[in-house]
Amino acid sequence: MPEDLLRYAVSDGVAVLTLDNPPLNLVTLELTRRLGEVLGRLAADPATRVLVVTGAGSRAFCAGSDVNEFPAVGDDVVPRKLARENEVYSRLDDFPRPTIAALNGLAYGGGLELAACCDLVVAGTDVRLALPEIKLGVFPGTGGTVRVARRVGEGRAKELMFLGDPIDAETARAWGLVNRLVPPGQALAAALDLARVLAGRPRRALELCKAAIDLGLDLPEDEALRRTLALSEAVFRTDECREGVRAFLAKEPPRFRPS
């Protein structure tokens, strides 16, 4: 088992965080701890303009929790495992800049819940996705009942979680779980291409746009619209906005500077 269970690198504004717990990149208590630590570090790093999350190897992005840990936590599974996972997964969901999941192989259980925390999801056509927890006598406990349901709707969420059977990548795209499909083995490369495009876009505008979209999901409509106006006021005062307007009027590409 690798000592750190995950690794990351930042280059040209794009951070790549790789789950590295072969062969299936299972979520352990220690991996969760390390993930929270790294996400905090990257969120505070101004050099990180986009975050890509992927899994090592070709068998799995992440096949969910390591069931071998369940007997050790016993009846304390919520305080000792799920509460911490929810805290860390929420850190990814709330990451201030764009996030992309690059799915290879399987995305099961906690792995699918982790992918659903990302803004965009790129998957190989051979990927299979599932929330099989019901077959263990439980249900998804790390945000799947909320984040996956938001993406696919009530009926499809209940089908995924009640039956626990995997769906293929084409179905996942049709349901809204996946944004883009690519040939097998190409998910990370495609996610990096997308990340480089986003890294060249105005950083503050992306941050505030992400915040505005999240407001619409979390608040009543009138309150979300009211608070979005404050975000619009902030973005219109940025140098990025001034550069975008200047370039539009000059009929030339904008030159957004890294910040």
Side-chain angles (χ1 to χ4, degrees), residues 13 15 35-36 39-40 42-46 48-53 82-101 110 112-123 129 131 139-161 172-180 191 194-195 197-245 248 254 256 259:
L35 181 60
L39 287 173
L42 292 173
D45 180 6
T48 299
R49 299 173 67 90
V50 184
L51 171 62
V52 175
V53 182
L82 290 185
R84 180 59 177 154
E85 285 182 7
N86 273 271
E87 177 188 343
V88 171
Y89 280 37
S90 291
R91 191 170 294 179
L92 176 58
D93 187 49
D94 296 335
F95 197 82
R97 293 174 288 281
T99 56
I100 305 170
L112 177 50
E113 290 177 299
L114 186 68
C117 293
C118 292
D119 300 313
L120 303 175
V121 179
V122 178
L129 307 92
L131 291 170
F139 63 86
T142 315
T145 54
V146 176
R147 297 188 184 102
V148 172
R150 280 178 172 174
R151 287 177 179 261
V152 305
E154 178 185 354
R156 287 166 174 167
K158 288 177 177 176
E159 181 175 346
L160 274 172
M161 297 180 213
R173 184 185 186 189
W175 285 10
L177 265 179
V178 169
N179 294 88
R180 298 189 178 186
L194 188 56
V197 171
L198 293 176
R201 295 284 163 85
R203 172 177 170 167
R204 189 60 178 149
L206 282 173
E207 290 175 346
L208 293 174
C209 182
K210 176 171 178 172
I213 293 169
D214 289 345
L215 286 175
L217 296 172
D218 297 333
L219 297 175
E221 182 177 304
D222 288 347
E223 176 66 7
L225 289 171
R226 184 186 67 80
R227 292 177 59 175
T228 297
L229 283 176
L231 299 180
S232 291
E233 182 174 11
V235 79
F236 271 95
R237 294 176 182 271
T238 62
D239 290 339
E240 294 172 340
C241 176
R242 285 186 279 275
E243 169 58 16
V245 172
F248 178 83
F256 298 118
S259 57

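Residues Met161 and Val148 are in side-chain contact: their nearest non-hydrogen atoms beyond the backbone lie under 4.5 Å apart. Contact check for Glu243 versus Thr238: no side-chain heavy atoms found under the 4.5 Å cut-off. Side chains of Thr142 and Leu82 form a contact here, defined as non-hydrogen atoms less than 4.5 Å apart. The shortest side-chain heavy-atom distance between Leu194 and Asn179 does not fall under the 4.5 Å cut-off. Within the 4.5 Å cutoff, the side chain of Leu129 has no heavy atoms near those of the Leu160 side chain. Side chains of Asp119 and Ile213 form no contact here, defined as non-hydrogen atoms less than 4.5 Å apart. Considering only heavy atoms from C-beta on, Cys118 comes within 4.5 Å of Val53 through its side chain.
In this structure, Leu131 CG and Lys158 NZ are separated by 15.0 Å, a value rounded to the nearest 0.5 Å. Here the CG atom belonging to Leu215 is positioned 5.0 Å from the OG1 atom belonging to Thr228, to the nearest 0.5 angstrom. If you take CZ on Arg84 and CG on Leu35, they are separated by 9.0 Å, rounding to the nearest 0.5 Å.
Nearest heavy-atom pair across Leu198 and Pro98 is CD1-CB, 3.9 Å. For Val50 against Ala199, the heavy-atom pair with the smallest separation is CG2-N, 3.6 Å. Listed here is the closest heavy atom pair of Leu42 and Ala15: CD2-CB, 4.1 Å. Here the closest heavy-atom approach between residue Leu39 and residue Phe95 is recorded as O-CE1, 3.8 Å. Considering every non-hydrogen atom in both Phe139 and Thr145, the closest pair reads CD1-CG2, 4.0 Å. In terms of heavy-atom proximity, Phe256 sits nearest to Arg201 at CD1-C, 4.4 Å.
Judged purely by atom type and a 3.5 angstrom limit, Tyr89 uses its side chain to pair as donor or acceptor with the backbone of Gly110. No donor-acceptor pair closer than 3.5 Å links the side chain of Arg204 to the backbone N or O of Asp239. Without hydrogens or angle criteria, Arg97 side chain to Arg203 main chain gives no donor-acceptor distance under 3.5 Å.
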Given Arg147 and Ser90, is the side chain to side chain donor-acceptor pair (under 3.5 Å) satisfied, shown in steps? CA-CA 10 Å; Arg147 297 188 184 102; Ser90 291; 3.1 Å; yes
Carefully, step by step, assess Arg227 and Asp214 under the rule salt bridge (Lys or Arg N to Asp or Glu O under 4.0 Å). CA-CA 11 Å; Arg227 292 177 59 175; Asp214 289 345; over 6 Å; no
side-chain contact (heavy atoms from CB on, under 4.5 Å) assessment of Val121 paired with Arg151: CA-CA 11 Å; Val121 179; Arg151 287 177 179 261; 4.0 Å; yes
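Remark: Lys210 does not engage Glu207 in a salt bridge, criterion side-chain N to carboxylate O under 4.0 Å.
A 6.0 Å sphere centred on CZ of Arg91 holds more than 12 heavy atoms belonging to other residues, nucleotides or ligands. The environment of CZ in Arg180 is sparse: at most 12 heavy-atom neighbours from other residues, nucleotides or ligands sit within 6.0 Å.
Residues meeting the salt bridge (Lys or Arg N to Asp or Glu O under 4.0 Å) test with Arg237, sequence neighbours left out: Glu233. Partners of Glu159 by side chain to side chain donor-acceptor pair (under 3.5 Å), not counting sequence neighbours: none found.
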